[in-house]
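Quick notes on the structure that follows.
Quick caveat, the model's predicted, so the values are computed rather than measured.
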Amino acid sequence: MEVQDRRVKRTQKLLAKALISLTLEKGFEAVTIREITERADVGYATFFRHYHDKDALLHDVAEVVLDELLELLSTEPSNADPTTVGTLIFRYAQEQSEIIRALLGNRGSADLKQRIIEAGSQSVLRRQTGLPGSVVPLEIGAYHLVSSSVALIQWWLEHDMPFPPEQMGAIYHELIVRPTSALAFGP
């Protein structure tokens with residue numbers, strides 16, 4: 001059973017890697033399942049033993065990235081310094097830059113990007129409370145925090161990471177977290 005599990009994971013990893021490289025080359029919409037299987041050196045029929053379409057494969061890749069990032073962030077206390085949290089986010093983005101470029105870049109899936117923002121917003125809503133009397137509702141603050149963070153990561157990767165993760169962590173804090181927290185999140 002363990003040998004089969006390793007083979008399944010190996011095949012899924014090969015398919016994911018092929019999808020990522022093809023998406024970076026030609027854009028997600030232009031990629032075909034045939035191209036994915038050829039690049040991965042996996043049989044066409046084998047693809048369908050694991051996924052029903054390329055969207056399911058992309059979703060699987062995104063789930064892994066999102067789970068890893070949320071797990072990384074969950075190790076930080078809720079009152080952690082936002083610059084430190086931002087630095088963690090940008091270090092992760094740097095380490096996984098190829099995958100994240102494929103997921104968030106202009107050649108990726110817009111639907112997937114929206115699902116990532118929604119999942120991130122839900123995570124923020126679970127950890128934050130609204131600021132009493134604020135003109136900015138908690139839901140909008142959470143959405144703004146996450147979508148702005150995604151946009152900043154996307155810009156950084158598209159510009160070949162011109163600033164180190166530590167500086168991006170400080171930018172994340174000053175540009176996104178500080179003003180959003182002051183307007184939307186309670187103590």
Side-chain angles (χ1 to χ4, degrees), residues 16 20 23-24 27-29 55-187:
I20 290 162
T23 297
L24 289 170
F28 178 73
E29 297 305 323
D55 290 307
L57 171 58
L58 184 66
H59 179 75
D60 197 31
V61 171
E63 285 296 315
V64 169
V65 169
L66 199 54
D67 288 347
E68 285 178 355
L69 185 56
L70 291 175
E71 184 176 324
L72 176 69
L73 295 177
S74 73
T75 62
E76 290 297 310
S78 60
N79 63 345
D81 173 48
T83 299
T84 302
V85 172
T87 300
L88 283 173
I89 292 168
F90 282 91
R91 273 197 196 125
Y92 181 81
Q94 185 178 47
E95 292 165 4
Q96 304 296 328
S97 62
E98 188 174 282
I99 295 169
I100 295 173
R101 275 186 176 133
L103 294 174
L104 298 181
N106 294 332
R107 296 178 158 258
S109 164
D111 179 53
L112 177 67
K113 187 174 173 180
Q114 190 57 41
R115 285 189 291 186
I116 290 169
I117 291 170
E118 288 171 11
S121 296
Q122 290 303 314
S123 177
V124 170
L125 287 171
R126 285 191 293 276
R127 293 189 326 261
Q128 295 291 340
T129 58
L131 183 63
S134 175
V135 69
V136 179
L138 178 61
E139 296 79 11
I140 292 175
Y143 182 86
H144 174 72
L145 180 78
V146 175
S147 61
S148 297
S149 300
V150 167
L152 185 60
I153 292 166
Q154 187 175 359
W155 179 91
W156 187 62
L157 292 174
E158 287 174 357
H159 289 85
D160 296 321
M161 301 175 272
F163 306 106
E166 296 75 17
Q167 185 176 355
M168 292 307 297
I171 292 168
Y172 161 82
H173 178 200
E174 294 301 325
L175 191 62
I176 300 170
V177 176
R178 183 186 306 271
T180 305
S181 295
L183 292 171
F185 302 148

Derivation and outcome, side chain to side chain contact (heavy atoms under 4.5 Å, CB included), residues Val65 and Ile100: CA-CA 8 Å; Val65 169; Ile100 295 173; 4.3 Å; yes

Euclidean distance, Ile140 CD1 relative to Leu145 CG, rounded to 0.5 Å: 13.5 Å

Min side-chain heavy-atom separation Glu118-Gln122 under 4.5 Å: no

Heavy-atom pair of closest approach, residues Leu104 and Val150: CD2-CG1, 3.8 Å

Inter-residue atom distance Thr23.OG1 - Leu57.CG, 0.5 Å rounding: 8.5 Å

Shortest non-hydrogen contact between Leu103 and Val61, atoms and distance: CD2-CG1, 4.2 Å

Ionic contact status for Glu166 with Arg91, cut-off 4.0 Å: yes

Results of ring pair (Phe, Tyr, Trp, His ring centres under 6.0 Å) for Phe90 - residues two or more places apart only: Trp156

CD1-OG distance between Ile176 and Ser181, expressed to the nearest 0.5 angstrom: 11.0 Å

Shortest non-hydrogen contact from Val124 toward Ala142: CG1-CB, 3.7 Å

Spacing of Lys113 atom NZ and Ser147 atom OG [to the nearest 0.5 Å]: 9.5 Å

Point-to-point distance, once rounded to the nearest 0.5 Å, from OG1 of Thr83 to CD1 of Ile171: 10.5 Å

Side-chain heavy-atom pair Leu72, Glu68 within 4.5 angstrom cut-off: no

Any donor-acceptor N/O pair, Arg101 side chain to Leu24 backbone, under 3.5 Å: no

Any side-chain heavy-atom pair of Phe28 and Asp55 under 4.5 Å: yes

Shortest non-hydrogen contact from Gly141 toward Thr180: O-CG2, 3.4 Å

Minimum heavy-atom distance Val177-Pro82, with the two atoms named: CG1-CB, 3.8 Å

Ser123 versus Arg127, side-chain donor and acceptor atoms under 3.5 Å: yes

Shortest non-hydrogen contact between Leu138 and Gly130, atoms and distance: CD2-N, 3.7 Å

Interatomic spacing from CE in Met168 to CG in Leu152 - rounded to 0.5 Å: 4.0 Å

